[in-house]
Amino acid sequence: MSSRAITLRFASSEEVEISKKEAFRYMGIKAETLPDEMEELFGVCVSEFKKAVSYKACLAETEIRFFGNGRLDLGFGEIESFHLEKNLQGCKRAVIFAATTSIAVDRLINRFSKLQPSKSLMIDAVASAAVEDWCDIINSEISQKGETKPRFSCGYGDFSLSHQKDILELLDAQRKIGITLSESLMMLPVKSVTAIVGIKEEEKDDKKKA
Amino acid sequence: MIRKKLKESRLYFDGGMGTLLQKSGLKSGELPENWNLSHPEVITEIHLEYLKAGTNILTTNTFGANSLKFENLEEIIPAAINNARKAISLYEGEKDNLFVAFDVGPLGKMLRPLGDVDFEEAVSVFSKSIRIAAENGADLVLIETMNDLYETKAAVLAAKESSNLPVFVTNAYDENQRLMTGADPVAVIATLEGLGVDAIGVNCSLGPQKMKEIVKIYSRYSSLPIIVNPNAGMPKSVNGKTVFDTDEEEFSSVMAEIAKEGGCILGGCCGTTPEYIKKTVEKTKNIQYNLPEEKNHTLTSSYTHAVEIGKEPVLIGERINPTGKKRFKQALRENDIDYIISEAIAQQEKGAHVLDVNVGLPEIDETKVMLEAVSELQAVTDLPLQIDTVKAETMEKALRIYNGKPMINSVNAKEESLETVLPLAKKYGGVLIALTLDENGIPDSAEGRFSLAKKIVERAEQYGIKKKDIVVDCLAMTVSSDDNSARITLDAIAMIKDKLGVKTSLGVSNISFGLPSREDVNAVFLSMAFERGLDCAIMNPFSVPMMKSYYCFRALSGMDKGCTDYINFASGLTEEKVITVKAAEKERESDFSPLVYSIIKGIKNKAFDEAKTLLKTEAPLDIINNHIVFALDIVGEKFENKKMFLPQLLMSAEAAGSAFEAVKEAISSESAKKDKIILATVKGDIHDIGKNIVKVLLQNYGYDVIDLGKDVSPEAVVEAAKSHKAKLVGLSALMTTTVEAMKETIELLKKEIPDVVTIVGGAVLTEEYAEMIGADKYAKDAMRAVRFAEEFFQK
């Protein structure tokens with residue numbers, strides 16, 4: 001339970017354009033186009049993914065308090081991370097969000113994982129690309145609040161993965177969009193992302209005053 | 001008590017607790033449940049405010065009070081109930097209609113197979129809390145905000161098994177009118193009615209406007225009182241604070257509409273306050289109160305959707321059954337669950353609506369295999385399952401872990417069967433297949449079968465099982481040994497439908513036993529049975545004549561708008577041929593044999609057909625060595641030289657796999673003795689794509705892969721390595737957090753079986769990392785694993 005304002009954001013399957021290039025990259029393919037026999041299967045995978053996906057996200061804006069020496073507070077207790085501190089330099093506020101493609105996608109990946117791993121692999125790659133594209137949309141909406149820093153997630157650098165729990169709790173993400181955490185700190189649905197986006201302080205106003 | 005009140009008049013729940021606690025000073029990150037002990041007067045005051053607003057049912061401040069989050073449940077839960085009781089004692093109005101509901105929220109964890117919490121573990125966590133609540137005087141249990149059907153079932157079973165309290169359940173739907181894990185309202189209603197709860201409904205996540213649409217669905221399908229506890233609209237952020245977009249005026253007006261739509265118990269959830277409840281009570285108290293009528297929908301459901309029996313013919317796929325199937329028996333003996341899964345998917349693709357699951361074979365542990373099959377099937381197919389076994393123990397355990405409302409195959413009119421199966425159907429819920437036979441066998445007249453059907457229905461009703469949940473199978477006997485047998489069955493179907501008013505099912509293909517062109521006989525018999533009112537056919541969806549009969553019947557009976565389904569089906573029959581012709585054209589340009597070509601190109605069906613054709617002229621082992629392995633070597637080399645990508649490698653491997661399948665039937669299992677490799681994704685890791693890729697390749701290179709699945713404990717790996725006498729163990733880990741489990745597994749393996757060799761892989765591993773955790777070999781990709789296995793077993 002949090003007293004922070006949490007907003008929800010949903011998107012339709014059409015709203016998120018899936019980067020084919022990124023999906024290829026997740027499959028280990030460097031080419032721009034696929035051989036015929038793969039192209040067909042890839043098309044099937046994208047369309048099955050689109051039928052299954054349900055894009056959901058929840059966001060909360062928070063103040064950042066810096067205590068120096070890598071220590072800071074984003075609203076879920078004092079944490080230590082030099083990398084995050086660096087990332088958020090020059091910011092007083094940040095948006096924390098969680099985004100997911102929902103559990104039907106996990107089911108789809110699992111469904112083929114034993115019987116047709118090629119398809120499972122492709123859908124997995126499509127989903128990985130799609131969740132990042134979904135995050136980009138959310139990110140661009142956040143940047144309307146001001147210039148933003150690159151989004152930063154648990155597990156990057158020295159920002160411990162154990163904070164995943166704090167972030168999901170702060171966002172009430174289980175209840176709001178169905179993201180849970182396994183014992184090994186894996187998010188379920190698997191194609192879920194949490195991130196912190198620092199918002200740079202407007203310097204214009206200060207300059208004007210000066 | 002509350003059950004009686006509910007029959008008389010509309011009752012009211014309270015509204016949100018969280019927002020009010022925050023106003024009273026609850027800090028972000030602080031657990032509200034602790035306030036039952038630290039600030040009892042605040043909790044009591046909030047309860048009292050709701051009572052003054054008109055609430056009849058107070059919900060305790062125990063949303064997250066479970067043993068995963070709290071160690072002092074013995075203190076928190078009694079205190080929470082006391083706080084509510086105290087509010088009632090302080091309340092100065094009428095006290096007759098006031099109740100305390102023990103509030104149970106979700107665990108915040110995902111259950112297996114999607115997550116890592118076992119179903120029975122969830123049941124026991126819920127049981128702990130509910131038992132304490134029952135001992136401390138709660139009047140009912142409210143299971144709420146559940147967004148997963150399986151977890152809802154775990155909580156309901158826990159409530160039923162650890163208390164005698166009435167059980168109310170509300171689920172949280174999203175904008176698409178589904179639970180987070182996919183269930184639609186009808187699947188939820190069917191499952192919960194089957195489990196015998198007292199009232200069902202909706203809460204949280206949506207405002208009243210959007211919830212109204214879901215309430216309409218509940219009104220249409222539910223025979224139970226409907227609870228409606230919406231949020232105060234959608235949350236918005238205003239100046240850094242959460243504001244809900246529906247005020248008490250609008251909220252209560254929509255609640256009045258909801259009352260007219262059939263809402264029986266009304267209240268609120270996030271963002272609602274005593275004022276919302278007060279206005280709701282004012283605007284609804286004079287609206288006429290009606291309990292829902294008894295509905296007559298016969299529903300079976302999976303974890304996503306329900307299938308209604310009685311509207312249109314329902315096809316129940318019969319192929320997951322070893323009777324008369326050599327290949328299936330072999331799969332069961334080898335514990336080859338993948339084979340069972342592939343049968344399921346294939347039947348679904350052919351148009352089955354429900355799948356019968358029978359794994360009875362004398363020499364195997366039927367219960368164990370049934371449970372594995374049910375849970376694996378529910379991970380890959382969203383069709384409802386029909387649990388088919390004669391063993392009571394197998395039946396009970398399968399019904400218990402099933403996610404949804406299953407079909408139960410079967411009960412008959414024998415005393416023993418009635419006494420064992422009916423109590424199980426009552427406890428777990430399900431659509432019961434009732435066979436018209438008893439101690440004296442199968443009656444040889446329609447009247448005889450009718451009277452047995454009647455007997456079963458009456459006995460079931462004594463147990464509280466409703467008529468709508470019984471589907472009678474009048475049994476088809478072979479027409480070649482009795483000219484009248486088809487007529488008797490058909491007459492019985494019509495009589496049972498007409499006079500008993502229950503739905504019917506039939507295992508169709510028995511009719512043609514001993515005759516030539518069996519499928520044609522089956523197809524005509526199926527049409528005749530549909531015409532006489534048959535509701536479900538247990539049949540082989542691969543039978544083209546029978547499927548033709550089904551699609552034609554629907555089109556000719558006005559069930560298929562614009563004959564669309566029939567046209568799709570009919571054009572599908574010709575399409576397959578076109579694809580085969582195209583493939584044949586391309587292949588002429590290739591230097592390879594047709595089989596090798598189809599493997600390299602990854603054309604699965606064709607590889608199977610080509611292997612079958614080759615079997616006429618070549619020995620099975622020659623086909624394997626000269627075609628399949630030859631093709632795989634070409635593909636493997638191309639992959640290693642980066643001329644082929646991983647998905648292509650897999651497509652080829654799958655094509656090779658299907659060619660193997662074709663050849664397999666021709667080789668005795670003796671001659672196919674292969675080297676064994678154990679594979680597992682380590683404990684805590686539930687993402688097993690990588691392991692499955694390695695598995696497919698190893699299998700195609702002729703290894704006997706014992707796949708232990710995902711989230712496998714070190715002990716289980718050691719035990720499998722010992723019992724299979726396997727010398728090579730492959731382990732996969734995806735997350736940095738689970739590499740530690742990989743290390744533990746290797747340590748235990750080395751300790752228990754010193755000469756075992758371990759090979760590891762996974763996204764986060766590197767050569768150095770692998771060495772550090774004591775692995776013998778690191779495989780960067782699936783082909784490396786294959787190459788290492790080849791090296792290893794050649795030694």
Side-chain angles (χ1 to χ4, degrees), chain A residues 1-8 10 24 27-29 31 34-35 37-38 41-42 54 56 59-61 63 75-77 102-104 106-107 109-122 124-125 155 161 166 169-170 174-178 180-186 188-190, chain B residues 18 21-22 26-29 31-32 106 108-110 113-116 145 147 172 174-176 180-182 204-205 234-238 240-243 338 341-342 345 379-382 601-603 645-648 650-651 653-654 684-689 692-693 696 735-738 741:
Chain A
M1 192 79 50
S2 150
S3 59
R4 205 169 311 279
I6 299 159
T7 47
L8 298 174
F10 305 103
F24 285 5
M27 287 189 270
I29 298 171
L34 294 173
E37 62 268 21
M38 265 175 73
L41 185 61
F42 184 77
S54 174
K56 296 175 181 173
L59 307 86
E61 196 171 325
E63 271 176 31
F76 49 86
S102 305
I103 205 80
D106 292 40
R107 283 221 178 89
I109 294 168
N110 289 348
R111 173 173 182 153
F112 294 106
S113 134
K114 281 191 172 170
L115 298 173
Q116 202 180 340
S118 58
K119 204 166 167 182
S120 186
L121 179 81
M122 278 192 190
D124 191 277
L161 201 57
D166 305 321
E169 268 172 20
L170 176 126
Q174 193 273 335
R175 199 154 27 152
K176 297 249 161 27
I177 56 172
T180 64
L181 205 57
S182 79
E183 281 302 304
S184 56
L185 303 178
M186 180 188 265
L188 302 163
V190 174
Chain B
L21 286 178
Q22 281 152 19
L26 181 81
K27 293 201 178 63
S28 172
L31 296 169
K109 293 274 178 183
M110 196 76 81
L114 295 167
D116 61 348
T145 322
N147 53 23
D174 67 11
E175 301 265 315
N176 307 318
M180 292 286 181
T181 49
C204 206
S205 67
M234 292 299 281
K236 281 187 305 194
S237 170
V238 175
K241 287 208 167 127
T242 307
V243 180
D338 291 0
I341 292 175
S342 64
I345 303 263
V380 298
T381 168
D382 63 352
K601 286 288 166 190
I603 313 167
F645 306 116
L646 184 57
Q648 282 169 299
L650 288 172
M651 285 166 74
E654 287 151 21
D685 217 318
I686 46 183
H687 201 68
D688 62 350
I689 235 184
N692 289 332
I693 289 171
V696 167
M735 314 254 304
T736 41
T737 46
T738 53

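The sequence lines fix the lettering, A, B, ..., with proteins before strands; numbering per chain opens at 1. Remember, it's a predicted structure, so these values are computed and weren't measured experimentally.
- With a 4.5 angstrom heavy-atom cutoff, B/Thr145 touches chain A only via side-chain atoms.
- Residue contact with chain A, scored on non-hydrogen atoms closer than 4.5 Å, involves the backbone of B/Ala379 exclusively.
- Contact count against chain A (heavy-atom pairs under 4.5 Å) is highest for B/Pro647 among B/Gly684, B/Pro647, B/Pro113.
- Interface residue B/Glu654: only side-chain heavy atoms are found under 4.5 Å from chain A.
- Of the two parts of A/Met122, only the side chain, counted from C-beta on, holds a non-hydrogen atom closer than 4.5 Å to a non-hydrogen atom of chain B.
- The part of A/Leu181 that comes within reach of chain B is its backbone (N, CA, C, O), which places non-hydrogen atoms under 4.5 angstrom from that chain.
- In this structure, the portions of B/Asp338 lying under 4.5 Å from any heavy atom of chain A include both its backbone and its side chain.
- Residues A/Pro117 and B/Ile693 approach most closely at CB-CG1, 4.2 Å, considering heavy atoms.
- Using a 4.5 Å cut-off between heavy atoms, A/Ser120 contacts chain B through both its backbone and its side chain.
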task = Check the pair B/Ile689 / A/Ile109 against side chain to side chain contact (heavy atoms under 4.5 Å, CB included), numbers first and verdict last.
result = CA-CA 8 Å; B/Ile689 235 184; A/Ile109 294 168; 4.1 Å; yes
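- A/Asp124 touches chain B through its side chain: at least one heavy atom from C-beta onward sits under 4.5 Å away, while N, CA, C and O do not.
- B/Asn147 approaches A/Gln174 most closely through the heavy-atom pair ND2-O, 3.4 Å.
- The greatest number of non-hydrogen atom pairs below 4.5 Å with chain A, out of B/Leu21, B/Asn176, B/Ile341, B/Val243, is found for B/Ile341.
- Using a 4.5 Å cut-off between heavy atoms, B/Thr738 touches chain A through its side chain atoms alone.
- The salt bridge (charged side-chain N to carboxylate O under 4.0 Å, His left out) test applied to B/Asp116 returns no partner, not counting sequence neighbours.
- Across all their heavy atoms, B/Leu114 and A/Leu188 have their closest contact at O-CD2, 3.6 Å.
- If you measure heavy-atom distances from A/Leu59 to chain B, you find no contacts under 4.5 Å at all.
- If you take CG on A/Leu161 and OG1 on B/Thr737, they are separated by 6.0 Å, rounding to the nearest 0.5 Å.
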Residues A/Arg107, B/Asp382; criterion salt bridge (charged side-chain N to carboxylate O under 4.0 Å, His left out); working and verdict = CA-CA 9 Å; A/Arg107 283 221 178 89; B/Asp382 63 352; over 6 Å; no
